[in-house]
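What follows is a set of notes on a single structure, which appears directly below.
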Amino acid sequence: MRVLGLETSCDETGIALYDTERGLLSHALFSQIDVHVEYGGVVPELASRDHVRKALPLIQQVLESAGLTTADVDAIAYTAGPGLVGALMVGATLARTLAWTWGIPALGVHHMEGHLLAPMLEEERPNFPFVALLVSGGHTQLVRVDGIGRYKLLGESLDDAAGEAFDKVAKMLGLPYPGGPHVAKLAESGDPARFDFPRPMTNRPGLDFSFSGLKTYTLNTVHTCESEGGLSARDKADIARAFEDAVVGTMVIKCRRALEQEGLSTLVMAGGVSANRNLRAELAKALSKKGAMVFYPAPQFCTDNGAMIAYAGAQRLLAGERDNEDTRVRPRWPM
Ligand code: KG4
Ligand code: ZN
């Protein structure tokens, strides 16, 4: 079965073609960063309009680069939520219109299920069951995964998502949106010994996260530096490093705890923040000591993309799922 995947939940138009026998055939992505950068964050209406402009040309491009035509597509999967309502509606309307015109099924997919299953696009794939750490701009969750659609939430952020915290700290340091990669880059040259930021909620049992206290701590440190003669480039790098180390340290503790609690030895990381190199390295180091394995998607499939939606959709379509007339986009949608 060849499944065309459409991702339009936020600020990337991602299109891909996945073949259940042969794997990923082709994919294309248009990132709207340049559209939103001057506003310091995603402007929902501009996001919707840009998806309208980019989706069809990208579909054409993906089919051409796979050497296929519309007649070769067997089903369409699109992101039905969670995300920005207008952006989701663009993808859903296009997917369902094309599916109706071509006489094939359409299926709305959960964006976080897409992220969760993205490591399955790699040659070395994890076996079920595993624990997944989902860390994106909107979510920070630990999930037990026993199979496709068999998910149990083990813990989540009680306030900001990890990516959101990265983006807000980037703003405090005067870095552009989306801030995560900029903070990570700056942290590379920071001194890890200068500041020691708190690792929130690691002293008590449980698998929930909280990043708002860490964010405030970071802001207070910025203000202290400012009042002591100005925030220098050195200060910024050291703060970025301390913040990143605190997030990474917290995640390592929680992931280890989740694996122990569930009696599992496979961890899967996904979502935009899983592109963070420090996080990958520290998790791999900590878990290898315990004899556990970490799997993550290729960097281009950590952040939003069409391939993960095509893959997740293909699994559910193979199981017989289809949209019906009552299917709606769901801006808020617990997994
Ligand atoms: O999964 P994603 O592309 O979109 C959502 O579904 O939210 O994740 C985007 C988030 C942003 O907050 C971005 O700053 C963060 O992932 N991010 C990173 C890195 N790359 C992207 N955060 C930390 N380090 C990175 N290298
Ligand atoms: Zn995402």
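Indexing begins at 1, ligand by ligand and atom by atom, following the structure's order. All residue numbers in this chain count up from 1 along the given sequence. Computed over heavy atoms, backbone and side chain alike; hydrogens, waters and symmetry mates excluded.
The distance criterion of under 3.5 Å between nitrogen or oxygen atoms is not met by P178 with respect to ligand 1. When only interatomic distances are considered, the shortest N/O to N/O separation between G163 and ligand 1 falls below 3.5 Å. Ligand 1 has no nitrogen or oxygen under 3.5 angstrom from a nitrogen or oxygen of G271. Checked by distance only, ligand 1 and T303 stay at 3.5 Å or farther apart across all their nitrogen or oxygen atoms. By the 3.5 Å distance cut-off applied to N or O atoms, E12 is not counted among the residues near ligand 1. Any N or O atom pair closer than 3.5 Å counts here, and A184 shares no such pair with ligand 1.
At a heavy-atom distance under 4.0 Å, only side-chain atoms of H115, from C-beta outward, approach ligand 1.
None of D160, L142, L214, L158 except one satisfies the side chain to side chain contact (heavy atoms under 4.5 Å, CB included) rule with F209; the exception is L142.
Ligand 1 lies nowhere less than 4.0 angstrom from a heavy atom belonging to R277.
In this structure, F243 has its ring center no closer than 6.0 Å to that of Y217.
Distances below 4.0 Å separate heavy atoms of G138 from the following atoms of ligand 1: 7 (O). Close contacts between ligand 1 and D304 involve ligand atoms 1 (O), 2 (P), 3 (O), 4 (O), 5 (C), 6 (O) [criterion: under 4.0 Å to a heavy atom]. Of all atoms in ligand 1, listed by their number and element, those nearer than 4.0 Å to a heavy atom of H111 are 6 (O).
In the candidate list L134, V273, N305, V273 is nearest to atom 15 (C) of ligand 1, counting heavy atoms.
Using a 4.0 Å cut-off between charged side-chain N and carboxylate O, E282 and K285 make a salt bridge. The pair K168-E164 counts as a salt bridge, with a side-chain nitrogen and a carboxylate oxygen less than 4.0 angstrom apart. A salt bridge between R241 and D245 is present, with a side-chain N of the basic residue lying under 4.0 Å from a carboxylate O of the acidic one. Ion pairing between a basic and an acidic side chain is recognised when a charged N comes within 4.0 Å of a carboxylate O; R328 and D326 show no such pairing.
Considering CG of L264 and CG of N127, their distance stands at 12.0 Å, rounded to 0.5 Å.
Shown are the protein N/O/S atoms under 2.8 Å from the Zn ion (ligand 2), given by residue and atom: H111 NE2, H115 NE2, D304 OD1.
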Compile the donor-acceptor pairs under 3.5 Å between side chains in residues 175-192 and protein atoms, sequence neighbours left out, one pair per line.
unit_1, atom_1, unit_2, atom_2, d
Y177, OH, D11, OD2, 2.2
S189, OG, L186, O, 3.1
D191, OD1, A193, N, 2.8

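Cluster membership for L107 and L98, using ILVMFWY side-chain heavy atoms within less than 4.5 angstrom, is not shared.
Side-chain contact of H111 with E7: a donor-acceptor pair under 3.5 Å is present, judged by distance alone.
At least one donor-acceptor pair closer than 3.5 Å links the side chain of D159 to the backbone N or O of F211.
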